[in-house]
Amino acid sequence: MSTSALIPDSKLPALGTTIFTQMSALAAQYQAINLSQGFPDFDGPDYLKERLAWHVNQGANQYAPMTGVAPLREAIAEKTAGLYGWLPDAASEVTVTAGATEALFAAISALVRPGDEVVCFDPSYDSYAPAVTLSGGILKRIALQPPTFGVDWQQFAELLSPRTRLVILNTPHNPSATAWQAEDMQQLWRAISDHEIYVLSDEVYEHICFAQGGHASVLAHPQLRQRAIAVSSFGKTFHMTGWKVGYCVAPAALSAEVRKVHQYLTFSVNTPAQLALADMLRSEPEHWQQLSAFYRAKRDRFVQALSNSRLEILPCEGTYFLLADYSAVSDLDDVAFCHWLTEHVGVAAIPLSVFCADPFPHKLIRLCFAKQDATLDAAAERLCRL
C-alpha cells in the first residue's frame, strides 16, 4: 500500500487566497495604511462589550438554540417591523447565523440544485460564486458599468430562462458603493413575478445608506418578500466584525430549508454574543439609527481630504467604501496598481476587477473609510502626493 500523501481533486480549483487576505498581508509587510479589507480600526459600543461580559459571567456559555436565542430573534423582528413595515414571525422566519457569510452560503446551498441558473450582478462579493459552484449551480452574471453601476432591466429579463432558480442582489452594494431604489425592487418583481425564481438579498450595509430615498429592502416589498431571503450583519452595524454574528429573514418555508443547512454547518452561534446583541438592540437603538450619519461624516471627511489629489472619487451612496479612478495617475492595471500603491505610497486598496468574472478595463480601486479620522487623514495625505 502506498504511503504517499493523497491529494484530492479540488472542488474549487480556480480559487486561492482571497484578495482581501493578500492585500492585508501586503499592507503589513510594507507597513502601509490598510484601507483594503473592510473592517473598522476602532472598537464597538462599550455597552455591547459590557453586556457580553455580563452574560458570560452569568453562565450563558452553552449551546444556543439552533435558530438563535429568542430575545435576539424577537428584537430582530421588532426592528424589521419598524424599518420595513412588516413583522416577521420571530420563531419561524428569523434565523441567527455565524455572520452574514454563513447565511449566504446556507441560503444558496438550500435553494440551488445541480444545473440551476443563478443570476448575480458584477462586480459582486466574492463569496457568492463558490457557494453556487459547490451546489452545482451555473452562475449567470450581468456586468454593471461605472460610474452609476445601474441595472439594465431589459438585459436582466432576457437573461432569465426556465432554469433560473435564484437572483442574488446586494444593496447598498459592495464594492460600487451604490444603492438600489424602490423602483429597482419593483423592476425586479416585474421581471420575475411570472417565474419560479427566488431572491437572495445581501443587505449587510442596510444601516449605512446615504441615498436620498434611504435603504430599499426586499423586505419592504410585499410581493418580493414572499420569496426572498434577506441577509444582515451585526458585524457591520456594531463595528464588531470579529464576532461573526449575522441573521437572515425569510418566509417560514424558506427559513425551514435554510435551517436544514445551518444546523449542520454551524448548528448554533455564540450564546453570550447573541444575548448581548439583543440587549443592545433594545437598550441603545440609537446606535444603528445614527449609523448612516456617523459614516456619512467619515465619507465626507475623506472625500474632502482627497479633493486635492489626482484621484477622481466616484459618488458613494452607501457602504463604508469609496471608489477612486486613478487614470490620471498610472497606466497600470488595477491589480498591479494596488500592489504598487501599497509598496511605494504606503496605502493598501482593493482592485475592482477581482469582483468581476469578465475583464474589467476600468482603472478603479476601492478604499475603506471605516477608520479613525487620523487614519483617514494620514492615508489622504499620502494619496495626495500621487
Plane angle bin for Tyr247 and Phe234 - parallel if under 30°, tilted between 30 and 60°, otherwise perpendicular: tilted
Backbone N/O of Phe39 and side chain of Lys371: donor-acceptor pair under 3.5 Å: yes
Would you mind writing out the side-chain donor-acceptor pairs for residues 107-116 within the sub-3.5 Å range, not counting sequence neighbours?
unit_1 : atom_1 : unit_2 : atom_2 : d
Ser109 : OG     : Phe105 : O      : 2.8
Arg113 : NE     : Asp116 : OD2    : 2.9
Arg113 : NH2    : Asp116 : OD1    : 3.4
Asp116 : OD2    : Arg113 : N      : 2.8

Donor + acceptor pair across side chains of Asp202, His173 (<3.5 Å): no
Under 3.5 Å: donor-acceptor pair, side chain of Asp41, backbone of Gln372: yes
Donor-acceptor contact present, side-chain Ser201 to main-chain Leu169, <3.5 Å: no
Verdict with reasoning, Glu203 to Ser217, per side-chain hydrogen bond (donor to acceptor under 3.5 Å, both in side chains): CA-CA 7 Å; Glu203 302 184 17; Ser217 173; 2.8 Å; yes
Transitive ILVMFWY side-chain link Leu15 to Ile138, under 4.5 Å: no
N-O pairing of Lys363 and Asp331 below 4.0 Å: no
Working for side chain to side chain contact (heavy atoms under 4.5 Å, CB included), residues Leu72 and Leu281: CA-CA 8 Å; Leu72 182 55; Leu281 287 177; 3.9 Å; yes
Single hit among Val249, Val94, Thr95 for side chain to side chain contact (heavy atoms under 4.5 Å, CB included) with Arg73: Val94
Min side-chain heavy-atom separation Asn270-Trp243 under 4.5 Å: no
Side-chain donor-acceptor contact under 3.5 Å, Glu206 with Tyr84: yes
Non-hydrogen atoms of Thr319 and Phe369 that approach each other most closely: O-CZ, 3.5 Å
Worked verdict on Glu317 versus Gln212 for side chain to side chain contact (heavy atoms under 4.5 Å, CB included): CA-CA 8 Å; Glu317 296 179 323; Gln212 187 172 4; over 6 Å; no
Leu254-Met66 co-clustered via ILVMFWY side chain contacts under 4.5 Å: no
No-hydrogen, no-angle side-chain donor-acceptor test under 3.5 Å, Glu93 and Ser255: no
Sub-4.5 Å side-chain heavy-atom contact between Asp377 and Arg301: yes
Side-chain (Asn61) to main-chain (Val56) donor-acceptor, under 3.5 angstrom: yes
Sequence-distant partners of Lys260, salt bridge (charged side-chain N to carboxylate O under 4.0 Å, His left out), two or more places apart: Glu257
Ring-ring centroid check Trp153 Trp180, cutoff 6.0 Å: yes
Salt bridge present between Lys244 and Glu102 (N-O < 4.0 angstrom): no
Positive for ring-ring contact (aromatic ring centres under 6.0 Å, His included) with His239, one of Phe42, Trp288, Tyr320: Phe42
Test side chain to side chain contact (heavy atoms under 4.5 Å, CB included) applied to Leu200 and Leu104, step by step: CA-CA 8 Å; Leu200 178 55; Leu104 293 165; 3.9 Å; yes
Candidate pair Tyr205 and Thr237, rule side chain to side chain contact (heavy atoms under 4.5 Å, CB included), full reasoning: CA-CA 8 Å; Tyr205 298 100; Thr237 300; over 6 Å; no
Donor-acceptor contact below 3.5 Å, side chain Thr342 vs main chain Cys338: yes
Close side-chain approach of Met240 and Val245, heavy atoms under 4.5 Å: no
Donor-acceptor pair, side chain of Thr97 and main chain of Ala100, under 3.5 angstrom: no
Arg382 versus Gln31, closest heavy-atom pair with distance: NH1-O, 4.2 Å
Leu364 versus Pro146, closest heavy-atom pair with distance: CD1-CB, 3.9 Å
Same apolar cluster (I L V M F W Y, side chains within < 4.5 Å links), Trp54/Val69: no
Parallel, tilted or perpendicular: rings of Tyr63 and Phe267 (30°, 60°): perpendicular
Residues Glu78, Arg282; criterion salt bridge (charged side-chain N to carboxylate O under 4.0 Å, His left out); working and verdict: CA-CA 9 Å; Glu78 292 166 9; Arg282 288 218 162 95; 2.9 Å; yes
Cation-aromatic face contact Arg141/Phe121, 6.0 Å, 45 degrees: no
Six-ring centre of Phe156, Lys140 cation under 6.0 angstrom, axis tolerance 45°: no
Side chains of Thr67 and Val96 in contact at under 4.5 Å (non-hydrogen atoms): no
Enumerate donor-acceptor pairs with a distance under 3.5 Å from any side-chain N or O in residues 344-361 to protein atoms, sequence neighbours excluded.
unit_1 : atom_1 : unit_2 : atom_2 : d
Ser353 : OG     : Asp334 : OD1    : 2.8
Ser353 : OG     : Asp334 : OD2    : 2.9

Any side-chain donor near an acceptor of the partner, Ser24 and Gln37, under 3.5 Å: yes
hydrophobic_cluster_shared for Val261 and Val258, side chain cutoff 4.5 Å: no
Flag, side chain of Asp300 to backbone of Ala297, donor-acceptor distance under 3.5 Å: no
Shortest non-hydrogen contact between Ala60 and Leu275, atoms and distance: CB-CD1, 3.6 Å
Close side-chain approach of Arg227 to Glu196, heavy-atom, < 4.5 Å: no
Leu134-Leu265 co-clustered via ILVMFWY side chain contacts under 4.5 Å: yes
Any donor-acceptor pair under 3.5 Å from Ser292 side chain to Cys209 backbone: yes
Distance-only polar pair, side chains of Glu117 and Ser161, donor-acceptor under 3.5 Å: yes
Closest heavy-atom pair and its distance - Leu48, Met280: CD1-CB, 3.8 Å
Shortest non-hydrogen contact from Arg225 toward Pro251: O-CG, 3.2 Å
Heavy-atom check, side chain of Val119 versus side chain of Ile168, under 4.5 Å: no
Any donor-acceptor N or O pair under 3.5 Å, side chains Gln289, His207: no
Test item: side-chain donor near acceptor, Ser283 and Tyr47, under 3.5 Å: yes
Aromatic Phe321 / basic Arg366 pairing, under 6.0 angstrom, 45° off normal: yes
Under 3.5 Å donor-acceptor, Gln186 side chain and Ala182 backbone: no
Any donor-acceptor N/O pair, Ser135 side chain to Gly137 backbone, under 3.5 Å: no
Heavy-atom side-chain contact between Val167 and Ile197 under 4.5 Å: yes
